[in-house]
Structures are given as structure tokens and as C-alpha cells.
Amino acid sequence: MAVRRTRTTQTASHWGVYRVETDRDTGEVVSTSGVPFDPDPSPIQAALPEVVRGRLRIDRPYVREGYLRSGAVSREQRGAEPFVPVSWDAALDLVVDALLAARAAGGNESLYGGSYGWASAGRLHHSPSVLKRFLGLFGGYTDKIGNHSFGAALGVMPYILGRSDVSRLVVPWPEVVANTRLFVMFGGASLKNAQIDSGGAVNHDNAEWFRRARAAGVDVVCVSPYRHDVPDEVAPQWLPIRPNTDVALMLGLAHTLVAEGLVDRGFTHTHCTGYAEFERYLTGDEDGVAKDAGWAARVTGLPASTIEALARRMADTRTLVNTAWAVQRAHHGEQAVWATVALAAMLGQIGLPGGGFSLGHGAMSGIALPCPAGIPRPKLPLGPNPVAVKIPVGQVHELLLRPGETLEHDGRLIRLPPTELIYSAGGNPFHHNLNLNRFVTAWQQPGTVIVHEPWWSPPAKFADIVLPSTTTMERNDIAAAEHSRYWIAMQQVVAPYAQARNDVDIFGELADRLGFGAEYHCGRTEMQWLRYMYDEARATAQDRGFDPPDFDEFWASGSYEFPMLAEPATLLADFRAGQALNTPSGKIELVSEAIRAFGYDDCPPHPTWLEPAEWLGSPRAVRYPLHLLTNQPTHRLHSQLDNSTLSRAAKVSGREAILINAEDAARRDLRGGDVVRVFNDRGAFIAGVRIVGSDTLLPGVAQIPTGAWYDPLEPGVAGTLEKHGNPNVVTSDQGTSRLTQCPAAQTCLVEIERCDTPPPVTAFDLPEVLDAPHVHRE
Ligand SMILES: Nc1nc2c(c(=O)[nH]1)N[C@H]1C(S)=C(S)[C@@H](COP(=O)(O)OP(=O)(O)OC[C@H]3O[C@@H](n4cnc5c(=O)[nH]c(N)nc54)[C@H](O)[C@@H]3O)O[C@H]1N2
Ligand SMILES: Nc1nc2c(c(=O)[nH]1)N[C@H]1C(S)=C(S)[C@@H](COP(=O)(O)OP(=O)(O)OC[C@H]3O[C@@H](n4cnc5c(=O)[nH]c(N)nc54)[C@H](O)[C@@H]3O)O[C@H]1N2
Ligand SMILES: [Mo]
């Protein structure tokens, strides 16, 4: 038997850095393994090679049949029609024609290029960035503002702390282990989330840090409807709170501090503004309702005695309050962030080692790991965008459905321009947008939709022009995540699949045709770009006292780890020591006059309990008695890799698994493995049931991971049944508040019933392709 000759290359992904062995003769991927400096590689790593050469790869450019025949007038058929294969030349000509026609009709602001999405790791080939570079040089585009992850925090933090670097408002693990005695985690810090880092996780160390915290005697409290949001190893105290009521608990804790004389009045006096007014709200002097532990108990479902006991413990020891991003991804999510800061301020430990608050500890791999400050990242210059219009990420439907009207946002009115064309690369709008039945209609409004995708994923199936992109394994790049101390060389592993091209090259071809190729690619090849980006970042790193090797040495060695040059500073210690914050008062704003001036009843001037539009205490719960939480998936990244064996093995009866409490299941005569219809007024989807006890999930709560590929029974028809378990057909697209207008996915009530004859899943079928490549426009 012939001996297999292999070669090893290193690549990187959001879920880790890995070595890939390929067959020297066939080029096939033989195996993958983690790198030596990653103690605990993610199982997701193994999922990519399979799909890189999988059946669902897009082999060449395609155009929707109706678009090819009759252009924009066929827009309502988007998502429902077969595709026609075309040559690259023909496809690029169509894109150029569409761009020029759209710009002529509606100006540059009629091009929506906000294209939200995680795409793939790699600083050069990051598709939303190359799209922006391209559209900027084309004269500009309407962009997005904010993010899906922690958008409410991002929007409100500048008012509270004068800072918008939300993902840096985290007390790192070493400080927690050394100093924190009580770690109160609203929404926990699930280890499944720490597999990932935007731009490339490197060391998967969080499980080990939880163990060290346990060994150091840190007591952990998991405040969540779901017990396993904190790993069992740390034996957390579990407070199964009603979803979306965390603010009420925080206020109940704060009230207890007031009632028992435990507030650090020195700190609230010297470091905060507005405390007196906030206290009047807590005691009920403002609105007649004391936010005491008994009140909080009625809202949250937790015993008053537990709330009081927790408040006393918090005041008695070095306490860190952490709020997971999911908690602010809910109606009035700004309040959860503000109340977190207020509670920590009243405890008076902000700026002390291991005390105060964190946001999103462990939400991604690197966020709480030790990391030197000031690491620059190699970057592709995006260039200017001459169009100023920006749409909050969760409100793209408003842009598309209400052209010419306005949207309230952050004290201003955003004028919504008409949209002639959507250009999307590196995101899945049928995953990140909520209320998909309305969104499907919104998506059918513009005349043209262009999508770059490696796979026949939902956005590809809902495009007019589909251009096939390469995956990370088919190109060279550099990974450098915001929360990582590494630069990683990503070497091409396999040749591009079929006719797939790199996004950066597709835009290069388009720029050439449109006459700005030289400005776009600057005459650089892939490796020349990487060298250029590296050299720029290296020069900055050298200015900051680091000494990364030259490009050739870096590329040959595969990685560079930045050393810790100095002990990292404790979060907000400089502020504690007297340095003013960038707020009007220079202090933490427990009352914001700027926000008061906006007069928003959905975002009052201090942390406030406002009932969410939907929760277990609302009248709507009579009809839809289950609160649906949509958490991040364990076996994939959002919708990425849902087509892999790993993700598909975790489904129940072929559908995404929904977790239901045994009591709720019994009431509906449901058993594990049953297929159910999950529904409300906005829509319905099919899922597979997994039953857990009240020791795992609060009764009245159902939980389903996001990211099942959108699989409508009748594509393009609003309100049609979703067959595969994409929960965003039932989630609401109402913004968190007028302040930030962020997605509020976690605010959603549903009912569930058995579905005995569910339609088959077709999410992983190829679209219908006509073998008539010569259809011409009429
Ligand atoms: N209900 C609910 N919905 C949610 C959330 C929630 O909590 N609840 N969470 C939200 C959050 S926090 C986020 S961040 C969003 C995530 O939303 P997205 O970032 O849009 O989700 P992804 O599945 O990562 O989409 C990336 C897409 O890019 C494609 N892609 C990958 N590499 C490349 C490439 O090199 N080139 C091109 N052209 N395409 C590529 C993938 O195939 C995939 O289709 O979802 C949000 N949606
Ligand atoms: N494996 C994997 N990891 C990921 C991702 C992925 O797709 N896959 N996505 C990454 C991204 S983009 C992001 S933004 C982060 C998100 O990080 P998070 O937002 O922290 O993650 P989620 O899984 O959405 O939510 C965490 C938990 O919050 C709890 N929760 C929900 N609503 C409430 C509430 O009202 N109150 C309380 N107390 N708890 C609540 C749920 O039980 C849920 O399990 O994760 C990242 N990590
Ligand atoms: Mo996110």
C-alpha cells in the first residue's frame, strides 16, 4: 500500500488556531489538531474541513432567474425562484450595472452596505471590511451603527461612564482569583461561549480559570433561569430568576443596602452624580413604590430573604458583579447595564482589585484572560465613507419598509433614505435579524440584493446575484483578535473550491471595472497586503515597547505572543484615584441630565425597572405562557457550520433542540424527542423537544440556541412556517429603547404544541438550479 505523504499548515478561525494535515498528492484534508499553546481546543475546530469541501459550497456565480429575465421588478420573487449559473464575467457585469443604476436612481445613500456579520477570522479577508472599503471608494453607502452583541451597553455607557469600549469593561481572571470573594453573575458566563473569539480564539483557558477561582475560594452566584450558565465545578449558588427581571433584583439588592445602612456613601458622594435622586426612586419617595426585597421578590420570583441575604453578603466582602451581554439584549436592556453600575457603585468597590462590575465576563474566549494593554492589530484601511447615514443594527427593517420617514435614536431623528440595493458579505441577515416574517418583506423592497457567500446558506438563497467566496482555508491571512495577545499566521491549506474567489479579489475586479481599481488594491497582491498590514502594525507595536519579529520570521514561525510589559491596571483604579471620567460631571452618572433631556419614557434618566413588552408577568403571558430565550449555540458559531456533522448531530428529530421544563412538557403532553410547533402572533417554527427538570431550567422558560438555518415552508412568504428551528420568526424587532434601538431578542413569549406531521427539513438542500445558462433579459 502506498504511504500517504502529508503536509501540515496552520490556519485560524473564530473558534481556534489549528494545524491541518493535508494529503500532498490529492490536497485533501486528512486531520486537524490544536496548537500546543492552546490547552483545550474547541470541538468546533473539526467541523470546518468537512464543509470546506462539502456539497453546499457554491461552485460558481448564480443569478436568480426572475432577476436575470426582468431585473428589479421581480423583487417579490426573491427567495422563491431558481438560480441560473452564469460566468464570472457576466455576474460582475450585472453587479456593475446594478450598482450604477442604483446610484443613479437614489444616490449613494440608497446602497445599504451595513452588512453585519462575523464572517471569518483574518484581518485582510474580513468580508464586511472589504465590502466597506469598496463601497466607500464607490462614493459611499448607508452603514449600520451599534452591534447585536452588546449594543444597548455600547449606546448607554458613554452617558454613564463616558466610555464606549464596552468589551474592555471586564475585571480579568487573575484579579478575580486573587481578590474577588463573591462573584455575582447575572446571566452567568457559560463555558460554551468561551470557545469563540471574534477574530480568532487562541487559548481556551476559561475552564481552567473557573477551577482556579474555585480553588481560591471565590463564591459564585449564578443568577439565571438556566442553571448551567455557570459551570457546575464552581458549585454556584443558583438563583433561578424570571427572564428579563434582573433590573428588579438589582434594585431590590440596592434597596436592601439602603435599608440596612450598607451603602458606601463616601463613594457615591465623591465618585457619582445623582445618587440622592436614585435613592429617592429606590425608597419609593419618587413614585410611591419602594423597590424593597419584597417588591423585587414579587417581580423576579426569588424569595425576599434570599435577596436580603445576598445584599448583606455583597456588602460584607470583595464583590464583583458581572452582567452577561444577553441580559441587555432585551427590552429596556440599557437599564440592566445602568443598574449593574449603580449597584456596584453603592457597594463602593469600583476601582478596587477584584471588585466593582464587569460586563460580559467570559462572553468570548479572550475577554477576561490576561492580556497586555496596547496591542495594535494589522488592519486593512477601510477608507472614508462619504455618506453619513447610519442605521441601528436591529432596525434595518425600518430602513427598508419606511423610506422617507424617520427613526428616533439617541436624542436625534435618523432620516431613512430609500434603498435601491443591498450588498451583503460575511453575515446572515436571516440569523441576526429578529421578527423574520416582517424582515422577509423588508428584504424584498430594494431592486437588487447582492450576496457573497461560500455556502448555499439562507442569505445566498435570498439573493439576486450570488458570488461564491473562498473560506479561510483557501487563503493566506493574519489573525489578531481584539482580546488576544497573539498574532497568528494563517496559511492557505487547500486550493479554492471550484470557481470561488476571495472577497477582496472580487471587489478588486469590480473596482477595476468601475475605474477605481488602483485606489482599491493599491497594486498589492495578497502576500503584499499582508506584509504591508503587518509592517504598519509592527511599527506601532515597536512604538509601544513591543518587539515583534519582521514579517518573514513571523510568517515562518506562525505566531507571535505579546509579552506582558507591565502589571495590568485595575479597571477604573485611575478614576478611583481621582482621574475624571469623560462624562459631563466627570463622575459616574447615576442620573444623566443628557438622557433626561431626551424625554424618552422608555429610557428614564436613572436606572429604572420598566416592564418589558413581554415577560412572565405581562398580560400577554395568558395567551403565550412561555418565555423563550435564544442563547448562543454550543456546537457552532451563530449560523456558521450548521451544515456540519457536529451541529446536525445535536439536533433532535432533525430540528434544533428546544429545552423545556418537565412541568411545562407534562402540561402539554410532550415527551423528549417530540417535534413541536413554537408560535406567537409573529410566526411559528418547528423544533425538537429536550426535557429538563426544575433543577436545570425555571418552569415557564424555554430555551433554544440561535443559528438553525432559516427554512421557510414557502420561501419569500411572510408568516410561513419555519421548519427547522430558527427562533427569529417569533422574536420581536422592537428596539430596546429609543436611546439605542438595539435588538431585544430575549424579550419573547410563545406557546408550544405538539406537531405530529411536520414538513421535512430542506435547509440543507441545494436551491433549484436551471441548466439554461443563456437566459437573457427581456
Ligand atoms: N434570537 C437571537 N438572535 C440573535 C442573537 C440572540 O442572542 N438571539 N444574537 C445576535 C448576535 S450577538 C450576533 S453577533 C448575530 C450574529 O449574526 P451573524 O454574524 O450574521 O451570523 P453568522 O452565522 O456568523 O454569519 C456569518 C455569515 O458569513 C458567511 N461567511 C463566513 N466566512 C465568509 C467569507 O469569508 N466571506 C463571505 N462572503 N462570507 C463568509 C457565513 O457562511 C455566514 O453565512 O446574531 C444575533 N442574533
Ligand atoms: N459556541 C458559541 N459561542 C459564542 C457564540 C456562538 O455563536 N457560539 N457567539 C458569540 C457572540 S457573537 C456573543 S455576542 C456572545 C454572547 O454571550 P452571551 O450574551 O453571554 O450569551 P448567550 O448564550 O446569548 O446568553 C447567556 C445566557 O444568558 C441567559 N439569559 C438570557 N436572558 C436572561 C435574562 O433576562 N436574565 C438572566 N439573568 N439571564 C438571561 C441565558 O440563560 C443564556 O444561556 O457569545 C459568543 N460565544
Ligand atoms: Mo454577538
Side-chain angles (χ1 to χ4, degrees), residues 14-15 42 44 51 115-122 125-128 130-131 147-151 185-190 192-198 222-229 239-246 249 323-330 333 336 360-365 393-394 424-434 451-455 457-460 467-472 474-475 502-503 506 612 615 627-643 697 701 703-707 709 726-728 730-731 743 745-748:
H14 296 303
W15 44 88
S42 162
I44 300 178
V51 294
S115 192
Y116 189 91
W118 268 52
S120 290
H125 292 286
H126 185 248
S127 44
V130 287
L131 167 65
N147 69 29
H148 283 268
S149 310
F150 48 79
M185 310 191 86
F186 291 88
S190 176
K192 59 133 174 89
N193 286 354
Q195 296 176 88
I196 305 285
D197 218 324
S198 174
C222 172
V223 183
S224 172
Y226 180 57
R227 172 179 225 125
H228 300 300
D229 281 335
L239 303 187
I241 191 171
R242 255 183 216 144
N244 290 196
T245 66
D246 300 76
L249 175 56
T323 297
W325 295 340
V327 175
Q328 56 86 73
R329 216 176 294 125
H361 184 103
M364 293 192 287
S365 160
V393 287
S424 179
N428 179 353
F430 297 87
H431 163 71
H432 60 242
N433 286 302
L434 309 178
V451 170
H452 294 194
E453 258 289 332
W455 291 280
S457 62
L467 303 182
S469 305
T470 54
T471 66
T472 44
E474 299 156 283
R475 55 208 188 201
N502 298 334
D503 297 284
I506 299 173
W615 68 297
H627 196 123
L628 184 71
L629 297 180
T630 48
N631 56 310
Q632 310 295 318
T634 308
H635 305 286
R636 56 176 183 261
L637 170 68
H638 316 130
S639 70
Q640 298 194 45
L641 304 172
D642 193 31
N643 46 331
L697 185 68
V701 178
Q703 198 188 50
I704 186 168
T706 57
W709 281 14
N726 183 322
N728 283 340
V730 299
T731 51
Q746 308 306 331
T747 300
C748 180

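Counting convention: from 1, in listed order, for ligands and their atoms alike.
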**Prompt:** What protein heavy atom sits nearest atom 15 (C) of ligand 2, and how far off is it?
**Reply:** Ala363 O, 3.5 Å

**Message:** Below 4.0 Å, non-hydrogen atoms only: which portion of Thr245 touches ligand 2? Side chain, backbone, both or neither.
**Reply:** neither

**Fill in**
Within 4.0 Å of some non-hydrogen atom of His452, the atoms of ligand 1 are 37 (C), 38 (N), 39 (N)

**Prompt:** Is the shortest N/O to N/O distance between Gly426 and ligand 1 below 3.5 Å?
**Reply:** yes

**Message:** Using a 3.5 Å distance criterion without hydrogens, assess whether the side chain of Arg475 forms a donor-acceptor pair with backbone atoms of Asn502.
**Reply:** no

**Asked** Which one of Asn728, Val393, Asn502, Val730 has a non-hydrogen atom at the shortest distance from atom 1 (N) of ligand 1?
**Response** Asn728

**Item:** Close side-chain approach of Pro458 and His431, heavy atoms under 4.5 Å
**Value:** no

**Request:** Find all atoms of ligand 1 within a distance of less than 4.0 Å from any non-hydrogen atom belonging to Thr470, and give their numbers and elements.
**Result:** 35 (O)

**Message:** For atom 12 (S) of ligand 2, what's the nearest protein heavy-atom neighbour? Residue, atom name and distance, please.
**Reply:** His638 NE2, 2.9 Å

**Prompt:** Taking the side chain from Asn147 and the backbone from Phe150, do they hold a donor-acceptor pair closer than 3.5 Å?
**Reply:** yes

**Residue and atom name of the nearest protein heavy atom (relative to atom 2 (C) of ligand 1), distance in Å to one decimal** = Thr706 CG2, 3.2 Å

**Message:** Polar contacts were defined as any N/O atom of the residue lying under 3.5 Å from an N/O atom of the ligand; does this apply to His125 and ligand 1?
**Reply:** no

**Prompt:** Looking only at N/O atoms, are Ile196 and ligand 2 under 3.5 Å apart anywhere?
**Reply:** no

**Fill in**
Ranking Pro243, Ala324, Ala326 by closest non-hydrogen atom to atom 30 (N) of ligand 2, top hit is Ala326

**Request:** Below 4.0 angstrom from a heavy atom of Asp503, which ligand 1 atoms are there? Numbered from 1 as shown, please.
**Result:** 34 (C), 35 (O), 36 (N), 37 (C), 38 (N)

**Prompt:** Any donor-acceptor pair under 3.5 Å linking the side chain of Ser424 with the backbone of Val451?
**Reply:** no

**Message:** Quick test: of every protein heavy atom, which one is nearest to atom 32 (N) of ligand 1, and how far off is it to 0.1 Å?
**Reply:** Ser120 OG, 2.6 Å

**Asked** Would you call the rings of His148 and His432 parallel, tilted or perpendicular, where under 30° means parallel and over 60° means perpendicular?
**Response** tilted

**Request:** Measure from the side-chain N and O atoms of Gln746 to the backbone N and O of Thr630, and report whether any donor-acceptor pair falls under 3.5 Å.
**Result:** yes

**Message:** Considering non-hydrogen atoms of the protein only, which is the closest contact for atom 23 (O) of ligand 1, and what is the distance?
**Reply:** Ser639 OG, 2.5 Å

**Request:** Please answer whether the main-chain N or O of Arg636 pairs with a side-chain N or O of Gln195 as donor and acceptor at a distance below 3.5 Å.
**Result:** no

**Message:** Could you identify the single nearest non-hydrogen protein atom to atom 35 (O) of ligand 1 and state the distance to 0.1 Å?
**Reply:** Arg475 NH2, 2.8 Å

**Request:** Spell out, as yes or no, whether a donor-acceptor pair under 3.5 Å connects the side chain of Gln640 to the backbone of Ala119.
**Result:** yes

**Asked** Which one of His431, Arg329, His148 has a non-hydrogen atom at the shortest distance from atom 47 (N) of ligand 1?
**Response** His431

**Item:** Nitrogen or oxygen atoms of Gln632 and ligand 2 under 3.5 Å apart
**Value:** yes

**Message:** Quick check against the 3.5 Å criterion: does His14 have a side-chain atom that pairs as donor or acceptor with the backbone of Trp118?
**Reply:** yes

**Prompt:** Under 4.0 Å from any heavy atom of Trp455, which atoms of ligand 1 are there?
**Reply:** 42 (O)

**Request:** Just let me know how Asn193 lines up against ligand 2, side chain, backbone, both or neither, with a heavy-atom cut-off below 4.0 Å.
**Result:** both

**Asked** Looking at Ser469, which atoms of ligand 1 are within less than 4.0 Å of one of its heavy atoms?
**Response** 36 (N), 37 (C), 38 (N)

**Prompt:** So is Ala330 close enough to ligand 2, meaning a heavy atom under 4.0 angstrom away?
**Reply:** no

**Request:** Give the residue and atom name of whichever protein heavy atom lies nearest to atom 37 (C) of ligand 1, and the separation in Å to one decimal.
**Result:** Ser127 OG, 3.4 Å

**Prompt:** Is a side-chain donor or acceptor of Trp455 paired with a backbone partner of Val51 at a separation under 3.5 angstrom?
**Reply:** yes

**Asked** Quick one: does Pro225 get within less than 4.0 Å of ligand 2, heavy atoms only?
**Response** yes

**Prompt:** Of all the atoms in ligand 1, which lie at a distance below 4.0 Å from a heavy atom belonging to Asn428?
**Reply:** 20 (O), 25 (O), 27 (C), 44 (O)

**Prompt:** Does His228 come within less than 4.0 angstrom of ligand 2, counting non-hydrogen atoms of the residue?
**Reply:** no

**Prompt:** Hey, does the side chain of Trp709 reach the backbone of Ser457 with a donor-acceptor pair shorter than 3.5 angstrom?
**Reply:** no

**Message:** Starting from atom 43 (C) of ligand 1, what is the nearest protein heavy atom, named by residue and atom, and what distance separates them?
**Reply:** Glu453 OE2, 3.3 Å

**Item:** Of the listed options Arg636, Met364, Gln640, closest to atom 8 (N) of ligand 2 (non-hydrogen atoms)
**Value:** Arg636

**Asked** Going by the atom numbers of ligand 2, which of them fall below 4.0 Å from some non-hydrogen atom of Gln195?
**Response** 1 (N)

**Message:** Which option wins on minimum heavy-atom distance to atom 36 (N) of ligand 2: Asp246, Asn244, Asp229?
**Reply:** Asp246

**atom 40 (C) of ligand 1 [closest protein heavy-atom partner, distance rounded to 0.1 Å]** = Pro454 CD, 3.6 Å

**atom 14 (S) of ligand 1 [closest protein heavy-atom partner, distance rounded to 0.1 Å]** = Trp118 NE1, 3.4 Å

